[in-house]
Chemist: 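Can you keep this structure in mind? I'll have questions shortly.
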Amino acid sequence: MTAGLDGGGATADLLRHCDAWVLTLDEPLGAQAVLTALVPALHGLRAAAGSRDWPAVRAAMAGHPLALRLLQDPLIARAWRRGPQGVASDTALADLLLRHPASTALVEAATPLGRNLYTASAGLPWPEATRERQRIVARLVDATAERRHGATVLAVNPGLMREAPLSSAASGGGIARWFALEADPAVLAALHTQIPLPWLHPIQGHPLEALEREPPAANIDLIYQKTLELWDDDAAQRLIAAALGLLRPGGRLVLCNRVAEAGDDAFWALGTGRLRTMRDEARLRLLVARAGSRRQGAVHTARTMNGAIAAIVVEAG
């Protein structure tokens with residue numbers, strides 16, 4: 001299979017299908033049918049094209065009428081645009097991925113086709129894994145409170161902390177302090193408004209600098225980072241080393257990262273999006289080893305349903 005744009009090339013074949021899918025979108029259940037066919041086709045095409053030819057595929061798709069119609073979906077439009085760079089949280093995108101009620105206005109403002117597309121796109125592996133990630137974090141918070149009542153939790157770049165309401169320990173008093181390190185003042189203001197609880201402590205500042213120079217606490221029971229793909233390897237290793245140094249013996253560091261091999265990643269990669277460093281579990285474990293912390297203990301896998309997001313739990317020695 002070739003990614004060339006000649007008449008017999010795989011990209012040309014895909015574009016011919018896209019011509020037909022433009023019309024399919026207007027059929028009953030057409031949005032679901034198109035994404036069901038397009039997503040795996042792109043996955044296979046990227047694998048065959050390789051890193052050298054994939055940009056040509058993206059360029060060809062970007063100007064196709066199908067891609068333009070897909071942008072009526074608020075989730076696809078938000079994921080494909082460049083958005084905030086660095087480690088800043090994109091809360092609107094996160095809420096769309098989570099199907100959170102806060103995204104209802106964006107969905108209702110879309111066209112009928114956009115709403116149908118959102119129903120389909122929000123069921124793809126990455127959004128599904130994002131919702132599962134929230135549940136995993138909430139369960140780990142609860143497990144931490146069971147191990148030590150009145151525990152301290154530190155969230156690094158947690159966005160709007162949609163995982164917090166899923167934790168029974170937080171509402172039941174099992175968490176004494178839940179720190180949120182966020183660089184975006186708008187996110188912090190939203191946290192103060194939406195979660196005005198005495199155990200939540202939003203702190204503004206660059207998360208890595210805060211961890212290394214002015215950590216909010218020591219002897220922390222649980223530290224978690226949900227979107228490590230926004231951190232390059234050097235910053236991620238520094239984060240790991242700093243976090244392990246702040247944990248009490250037996251404390252846990254949770255790292256979550258999107259995986260490039262996920263079946264829908266080629267689809268989400270069609271847009272400009274944000275710069276991300278995709279890592280599977282093996283790469284996460286390698287980061288932990290390279291961080292060189294003498295306090296590193298056992299590393300465990302947090303099993304996920306579809307593997308679109310890798311999650312590991314590192315114990316502090």
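Sequence positions, counted from 1, serve as the residue numbers for this chain.
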Chemist: Give me each pair satisfying salt bridge (charged side-chain N to carboxylate O under 4.0 Å, His left out) with a member in residues 93-103, each pair once, sequence neighbours excluded.
Modeler: D95-R162
Chemist: Tell me which one of Q134, R139, R135 satisfies side-chain hydrogen bond (donor to acceptor under 3.5 Å, both in side chains) with E163.
Modeler: Q134
Chemist: Got a donor-acceptor contact below 3.5 angstrom from the E132 side chain to the M305 backbone?
Modeler: yes
Chemist: Please evaluate residues L70 and W80 with respect to the criterion side chain to side chain contact (heavy atoms under 4.5 Å, CB included), reporting the C-alpha separation (whole Å), side-chain torsions for both, the decisive distance (0.1 Å), and the verdict.
Modeler: CA-CA 10 Å; L70 292 179; W80 281 3; 4.0 Å; yes
Chemist: State, to 0.1 Å, how close V39 and G263 come at their nearest heavy-atom pair, and which atoms those are.
Modeler: CG1-O, 3.5 Å
Chemist: Could you check whether any side-chain heavy atom of L208 comes within less than 4.5 Å of a side-chain heavy atom of W231, counting everything from C-beta outward?
Modeler: yes
Chemist: For the pair R58 (side chain) and A269 (backbone), establish whether a donor and an acceptor sit closer than 3.5 Å, ignoring hydrogens and angles.
Modeler: yes
Chemist: Check R69 against V22 and note the closest heavy-atom contact, atom names and distance.
Modeler: NH1-O, 2.9 Å
Chemist: Please answer whether the main-chain N or O of G317 pairs with a side-chain N or O of Q296 as donor and acceptor at a distance below 3.5 Å.
Modeler: no
Chemist: Which heavy-atom pair separates A155 from P158 by the least distance, and what is that distance?
Modeler: CB-CB, 3.5 Å
Chemist: With a 3.5 Å distance limit and no angle check, can you tell me whether K226 reaches the backbone of C256 through a side-chain donor-acceptor pair?
Modeler: no
Chemist: Tell me if a side-chain donor or acceptor on S167 pairs with a main-chain N or O of A164 at a distance below 3.5 Å.
Modeler: no
Chemist: Within a 6.0 Å radius of atom CG on L29, are there more than 12 heavy atoms belonging to other residues, nucleotides or ligands?
Modeler: no
Chemist: Mind checking whether L222 and V141 have side chains closer than 4.5 Å, heavy atoms only?
Modeler: yes
Chemist: List the residues meeting side chain to side chain donor-acceptor pair (under 3.5 Å) with R147, not counting sequence neighbours, and say none if there are none.
Modeler: none
Chemist: If a pair satisfies salt bridge (charged side-chain N to carboxylate O under 4.0 Å, His left out) and one of its residues is in residues 112-121, list it, with sequence neighbours excluded.
Modeler: none
Chemist: Is a side-chain donor-acceptor pair under 3.5 Å present for E108 with T104?
Modeler: no
Chemist: Between D73 and S121, is there a side-chain donor-acceptor contact under 3.5 Å, judged purely by atom types and distance?
Modeler: yes
Chemist: Give a yes or no on whether the backbone of T277 and the side-chain of N257 come within a donor-acceptor separation of less than 3.5 Å.
Modeler: yes
Chemist: Please find the pair of heavy atoms, one from Q225 and one from V156, that lie closest to each other, and give the distance.
Modeler: NE2-O, 3.3 Å
Chemist: Quick check: closest heavy atoms across L154 and P216, and the distance to 0.1 Å?
Modeler: CD1-CG, 4.1 Å
Chemist: Would a single hydrophobic cluster contain both W199 and L140, if residues Ile, Leu, Val, Met, Phe, Trp and Tyr are joined by side-chain heavy-atom contacts under 4.5 Å?
Modeler: yes
Chemist: Tell me, yes or no, whether the heavy-atom count around E214 atom CD, taken from other residues, nucleotides or ligands under 6.0 Å, exceeds 12.
Modeler: no
Chemist: Taking A235's backbone N and O only, do any of them form a donor-acceptor pair with D232's side chain (distance below 3.5 Å, no angle check)?
Modeler: yes
Chemist: Quick one: closest heavy-atom pair of W54 and A49, and the distance?
Modeler: N-CB, 4.1 Å
Chemist: Return yes if some donor-acceptor pair links the side-chain N/O of D142 with the main-chain N/O of A169 below 3.5 Å, else return no.
Modeler: yes
Chemist: Hey, are the side chains of L66 and L25 touching, using non-hydrogen atoms and a 4.5 Å cut-off?
Modeler: yes
Chemist: Is any side-chain heavy atom of L106 closer than 4.5 Å to a side-chain heavy atom of L96?
Modeler: yes
Chemist: Quick one: does R295's side chain have a donor or acceptor within less than 3.5 Å of a partner on L244's backbone?
Modeler: yes
Chemist: Can you tell if the side chain of L200 reaches within under 4.5 Å of the side chain of M161, non-hydrogen atoms only?
Modeler: yes
Chemist: Is R131 reaching over with its side chain to a backbone N or O of L97, donor-acceptor style, under 3.5 angstrom?
Modeler: yes
Chemist: Can you tell if the side chain of L230 reaches within under 4.5 Å of the side chain of N157, non-hydrogen atoms only?
Modeler: no
Chemist: Does the side chain of I220 reach to within under 4.5 Å of the side chain of F179, using non-hydrogen atoms?
Modeler: no
Chemist: Are T130 and R133 side-chain neighbours, meaning at least one heavy-atom pair lies under 4.5 Å?
Modeler: yes
